[in-house]
Amino acid sequence: MDANLIQILEDTATMLELAGENPFKARAYSSAAHILEEQQIDVFKSVKENTLRNVAGIGAGLREGITEYVHTGKFAEYERLLKEIPSGVLDMTRLRGLGAKKVRSLHIQLGVSSISELEQACRKDKLCDIKGFGKKSQETILKAIEMWRSSQGNFHQHKALMDAEAIVSFLKEQKGFKAAEIAGDLRRRAETVSELYIIAEGKSKEAGEVLKDQFELTEKNGILEGGHSPVFGIPFVVEITDRKNYVQRLHETTGSEEFLIAFRKQFGEDFLKKPFKNEEELYEFLKIPYIEPELRESADIIKLALQNKLPELIEPKHMRGMLHCHSTWSDGHNSIREMALGAKALGYEYFAICDHSRTASYAGGLTIERVKAQHEEVDKLNDEDLGIRILKGIESDILPDGDLDYPDAILKTFDIVVASVHSSFTQTRESQTARIIKALENPYTTILGHATGRILLSRAGFDVDIEAIIDTAAEFGKIIEINANPYRFDLSWQNAKYAKERGVRIAINPDAHAVAELELTNLGIGIARKAGLEKSDIVNTLSCDEFLKLVKK
DNA sequence: GCCGTTTTCGGCCCGACTGTTTTCAGTCG
């Protein structure tokens, strides 16, 4: 996968639309970008081994462009459009609710060429003059600009991790460095981050030179700053320290401000002067149990540590069941067999295929006939014995009135039903809450899928009383999902923490649409850990039989 | 630009929702 190329393809698609060219050509570019991302295709390897021709959705034209990109770093069609479309116009399409068509007409008719010019035009009531726009459009655009501004400078966790890990490995390869580690809120597994903070042990001078050359950083008292990460351009800082101070500095730059203030208030500052081998030793010295980085968020956790009541956090090795994945039966890229074998390769014992239900027609949702056909295939695969048990599941849309998407006679043929809202996001808080509560009361619902519908840095969730929903899940013994997709991470860790307090069990689900996405589960585990969840809180840790027993109840 | 057992042209995911209209275009999932 190459993040730059994915961005190039997406921007090319948008610019084709902005230029008023063939919209289907635009779609081909956009879908190629999704294919590369979802299937984690390494284009450099694919070009070298000539395997791009096997990828559905990438034909001769795109293959040529990608090959050129691999050899020269340039993509001809993208370069051509860049000359034609002002970058500010492309930026306007990043606003939610504004697509290429509207931006094109705003650009042509009002002459606005950037988000700030658009903002001015809205404030001066200019949009009312053009056909298709009115007062309300101006308001929604201004809101979208606000949302866009607040997300600027923030980055999704998986991108931050990818770049931070690359920087850490780079540092470790350099002679001047003995150790390097990710600190900051990324180490605490924040959902999104605005900066990477890296601690390195080394001789400030020579180490600094290496970094300055490579990343154009500037040094100030052993702290090198002003860098931008290699792929996503995330601001980053490298703090260089010596062996004696390494562990304290790692600790001091990991915890949240609230945590660190409370920590010093409790334990004084003497520990800062003592050298430690690792953080575990630091905690031993203070005579309290080790507080995992993900938990170093609030002051409360220190009290729990003092009372010896810290949770024993869920770990990847506890996981046995992979739930909520898609296949080529709906909008996934791999067959059920490939997905199940992918889960097996990651050490899982059972796998629930949960394709989209019939109302999600845009995603190839399954008609009743196709449900039956899929069940036959699952039976066959299980007869064949792939070494991993496959469960029959469905991701059923929660219809606008709270009903599930099939009659009971069909619903009862599934082992699990993940119920999710995919439409009608704008109901009032009361009716949205009632709708989801109704779905939870349905005896066939097993798991509530992405419970608030948020998309991080892009869309707030729908308006809903999430605590009332968690309370209802508690009452009816329903499971709620932590969606491990880093664009969603829904439930939030705070909501997941509340769910634990209410005794609601959590499923950690990758919502994978390709084999490569199965590993997203580990990011979801990070969120669960941040919420303080333990093995016993997570249904994926049950054996297949225990799990089925739980959901059949 | 992609795809193909009606294949080299002529289609291309489809329905809900929104804000604008007074029958529809654009956006989203």
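A, B, ... follow the sequence lines: proteins, then strands. Residue 1 opens every chain.
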Between [atom2] of [N] and [atom1] of [X], the distance in whole Å:
{"X": "K136(A)", "N": "dC17(B)", "atom1": "NZ", "atom2": "P", "result": "16 Å"}
{"X": "L127(A)", "N": "dG19(B)", "atom1": "CG", "atom2": "P", "result": "14 Å"}
{"X": "K25(A)", "N": "dG10(B)", "atom1": "NZ", "atom2": "C1'", "result": "17 Å"}
{"X": "R435(A)", "N": "dA16(B)", "atom1": "CZ", "atom2": "C1'", "result": "11 Å"}
{"X": "L16(A)", "N": "dG1(B)", "atom1": "CG", "atom2": "P", "result": "8 Å"}
{"X": "N54(A)", "N": "dC2(B)", "atom1": "CG", "atom2": "P", "result": "15 Å"}

Indicate, with a heavy-atom threshold strictly under 4.0 Å, whether [X] touches base, sugar-phosphate, or nothing.
{"X": "A60(A)", "result": "sugar-phosphate"}
{"X": "A26(A)", "result": "nothing"}
{"X": "D331(A)", "result": "nothing"}

D401(A): partners by salt bridge (Lys or Arg N to Asp or Glu O under 4.0 Å), with sequence neighbours left out: none
Same-atom distance ([atom1]) from [N] to [M], integer angstrom:
{"N": "dT6(B)", "M": "dG11(B)", "atom1": "C1'", "result": "13 Å"}
{"N": "dG19(B)", "M": "dC13(B)", "atom1": "C1'", "result": "24 Å"}
{"N": "dT20(B)", "M": "dT27(B)", "atom1": "P", "result": "14 Å"}
{"N": "dT21(B)", "M": "dG26(B)", "atom1": "P", "result": "13 Å"}
{"N": "dG10(B)", "M": "dG15(B)", "atom1": "C1'", "result": "24 Å"}
{"N": "dC3(B)", "M": "dT8(B)", "atom1": "C1'", "result": "11 Å"}

With a 4.0 Å limit, can you tell me whether S31(A) has a side-chain N or O closer than that to the phosphate oxygens OP1/OP2 of dG1(B)? no
Is any side-chain nitrogen or oxygen of S424(A) closer than 4.0 Å to OP1 or OP2 of dC17(B)?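 S424(A) to dC17(B) OP1/OP2: side-chain N or O found under 4.0 Å.
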Could I get the full list of side chain to side chain donor-acceptor pair (under 3.5 Å) partners for [X], not counting sequence neighbours?
{"X": "R502(A)", "value": "D471(A)"}
{"X": "S396(A)", "value": "none"}
{"X": "Q157(A)", "value": "none"}
{"X": "T51(A)", "value": "none"}

Lys/Arg cation over aromatic F425(A): R459(A), 6.0 Å, 45° cone: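 Satisfied, under 6.0 Å and within 45°.
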Quick check: does any side chain N or O of D405(A) sit under 3.5 Å from a backbone N or O of R358(A), one acting as donor and the other as acceptor? yes
For the residue pair T521(A) and N540(A), establish whether any side-chain heavy-atom pair is separated by less than 4.5 Å. no
For DNA chain B, what residues of residues 69-85 of chain A have any heavy atom nearer than 4.0 Å? none
Taking only residues two or more places apart in sequence, or in another chain, which ones meet H375(A) in a ring-ring contact (aromatic ring centres under 6.0 Å, His included)? F414(A)
Can you name the residues that form a ring-ring contact (aromatic ring centres under 6.0 Å, His included) with H326(A), not counting sequence neighbours?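 Partners of H326(A) under the ring-ring contact (aromatic ring centres under 6.0 Å, His included) test: H324(A), H356(A), H513(A).
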Give the B/S/- string for nucleotides 23-29 of chain B, one per nucleotide from 5' to 3', where a protein heavy atom under 4.0 Å of the base yields B, of only the sugar-phosphate yields S, and otherwise -. ---SSSB
Parsed dot-bracket for DNA chain B after applying the Watson-Crick and G-U rules with both distances under 3.5 Å and | for other-strand partners is ((((....)))).((((((....))))))
Does atom [atom1] of [X] have more than 12 heavy-atom neighbours, drawn from other residues, nucleotides or ligands, at distances under 6.0 Å?
{"X": "K438(A)", "atom1": "NZ", "value": "yes"}
{"X": "E119(A)", "atom1": "CD", "value": "yes"}
{"X": "K497(A)", "atom1": "NZ", "value": "no"}

Expected list for residues 60-71 of chain A: side-chain donor-acceptor pairs under 3.5 angstrom, two or more places apart:
residue, atom, partner, partner atom, Å
T67(A), OG1, R63(A), O, 2.6
E68(A), OE1, A76(A), N, 3.4
Y69(A), OH, D2(A), OD1, 2.9

So which heavy atom on Q374(A) is nearest to which on D355(A), and how close? NE2-OD2, 2.9 Å
Taking only N/O atoms, report every protein-nucleotides 5-7 of chain B pair under 3.5 Å with atom names and distance.
none

